[in-house]
Amino acid sequence: QVQLEESGGGLEQAGGSLRLSCTAPGRTFSRFAMGWFRQAPGKERKFVAGITSSGGKTYYADSVKGRFTISRDNAKNTMYLQMNSLKPEDTAVYYCAASSAIIPEPYEYDVWGQGTQVTVSS
C-alpha cells in the first residue's frame, strides 16, 4: 500500500502563492489516481483537485478553478498543488490522497497523508 507525505505548507499573504508536494516512496505511485483535499477548522474535509494515474486528466473544485493547478511527476513519485491568488478562505489543513479507481469519487480515496497546514492572512 502506498504511503503519502505532504510538504510545502506555511503562512502566506492573500494574493500570494504556495506549492504543496506529496511524495510516495516506492514503485507503486504511478498506479494510483491522486487528489488533494482540505479541511478548515470546524468544517468537513472537502475535495480540492484530482489527477489520474498518468496525469492525463485533472479536475478541480469550483472554488479553486483557475487558481490552483494539480500535477504529478511519476518518475519522482511526487504530486504537486500549485496554489496562486491565495485567499483567506483557502486556510486549511491540506491532505493528499490516493485511490485505485481510474477517476475516483471523493469517497473512493482510501490512502491519506498526515496533512500540511496552509494559512492565508488578509
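Quick caveat, the model's predicted, so the values are computed rather than measured. Because only heavy atoms are used, hydrogens play no part in the values below, and waters and symmetry mates are left out as well, while side chains stay in.
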task: Of all the heavy-atom pairs spanning Ser53 and Ser30, show the shortest one and how long it is.
output: CB-O, 3.3 Å
field: Close side-chain approach of Asp90 to Met83, heavy-atom, < 4.5 Å
entry: no
field: Parallel, tilted or perpendicular: rings of Phe37 and Tyr109 (30°, 60°)
entry: perpendicular
task: Can you measure from CD (Glu12) to OG (Ser121) and round to the nearest 0.5 angstrom?
output: 7.5 Å
- prompt: Could you give the distance from OG1 (Thr91) to CZ (Arg38), rounded to the nearest 0.5 Å?
  reply: 9.0 Å
- request: Decide yes or no for Ile51 and Thr58: does some side-chain heavy atom of the first lie under 4.5 Å from some side-chain heavy atom of the second?
  value: yes
Side chain Arg72, main chain Thr52, donor-acceptor under 3.5 Å: yes
- request: Using a 4.5 Å cut-off on heavy atoms from C-beta on, say whether the side chain of Lys76 contacts that of Ser21.
  value: no
message: For the CG atom on Leu11, are there more than 12 heavy atoms of other groups (residues, nucleotides or ligands in this structure) within a distance under 6.0 Å?
response: yes
task: Answer yes or no: is there a donor N or O on one side and an acceptor on the other, between the side chain of Thr116 and the main chain of Tyr94, under 3.5 Å?
output: no
- request: Please report the shortest heavy-atom distance between Ala24 and Leu4, naming the atom on each side.
  value: CB-CD2, 3.7 Å
task: Measure the shortest side-chain to side-chain distance between Arg31 and Ser100 over non-hydrogen atoms and say whether it is less than 4.5 angstrom.
output: no
query: Does the side chain of Asn74 come within less than 4.5 Å of Phe32's, by heavy atoms?
result: no
same_hphob_cluster(Val93, Tyr80) at 4.5 Å side-chain heavy-atom cutoff: no
query: What heavy-atom pair brings Ala14 and Ser122 nearest, and what distance separates the two atoms?
result: CB-CA, 4.3 Å
message: Taking Asp62 first and then Lys65, would you say they form a salt bridge - that is, a charged N and a carboxylate O separated by under 4.0 Å?
response: yes
field: Minimum side-chain heavy-atom gap Met34-Phe29 below 4.5 Å
entry: yes
message: Assigning hydrophobic clusters by single linkage (Ile, Leu, Val, Met, Phe, Trp, Tyr; side-chain heavy-atom cutoff under 4.5 Å), is Phe68 placed with Phe47?
response: no
message: Quick check: closest heavy atoms across Gln82 and Ser17, and the distance to 0.1 Å?
response: NE2-CB, 3.9 Å
task: Check whether any side-chain heavy atom of Ile70 sits under 4.5 Å from a side-chain heavy atom of Met79, and report yes or no.
output: yes
message: I'd like to know if the side chain of Asn84 and the backbone of Thr69 have a donor-acceptor N/O pair within less than 3.5 Å.
response: no
- request: Mark yes when over 12 heavy atoms from residues, nucleotides or ligands other than Glu89 sit less than 6.0 Å from its CD; otherwise mark no.
  value: yes
- request: Check whether Tyr95 and Tyr59 end up in the same hydrophobic cluster, where Ile, Leu, Val, Met, Phe, Trp and Tyr are linked by side-chain heavy atoms less than 4.5 Å apart.
  value: yes
query: Counting distance only, does the side-chain N/O of Glu6 pair as donor-acceptor with the main-chain N or O of Cys96 below 3.5 Å?
result: yes
- line: Heavy-atom closest pair (Leu18 atom, Gly8 atom, distance to 0.1 Å) is CD2-O, 4.1 Å
field: Heavy atoms from other residues, nucleotides or ligands near CD of Glu108 exceed 12 (cutoff 6.0 Å)
entry: yes
query: Is Leu20 reachable from Val120 through a run of hydrophobic residues whose side-chain heavy atoms are each under 4.5 Å from the next?
result: yes
message: For residues Val64 and Val118: do they belong to one hydrophobic cluster (side chain heavy atoms under 4.5 Å, members Ile, Leu, Val, Met, Phe, Trp, Tyr)?
response: yes
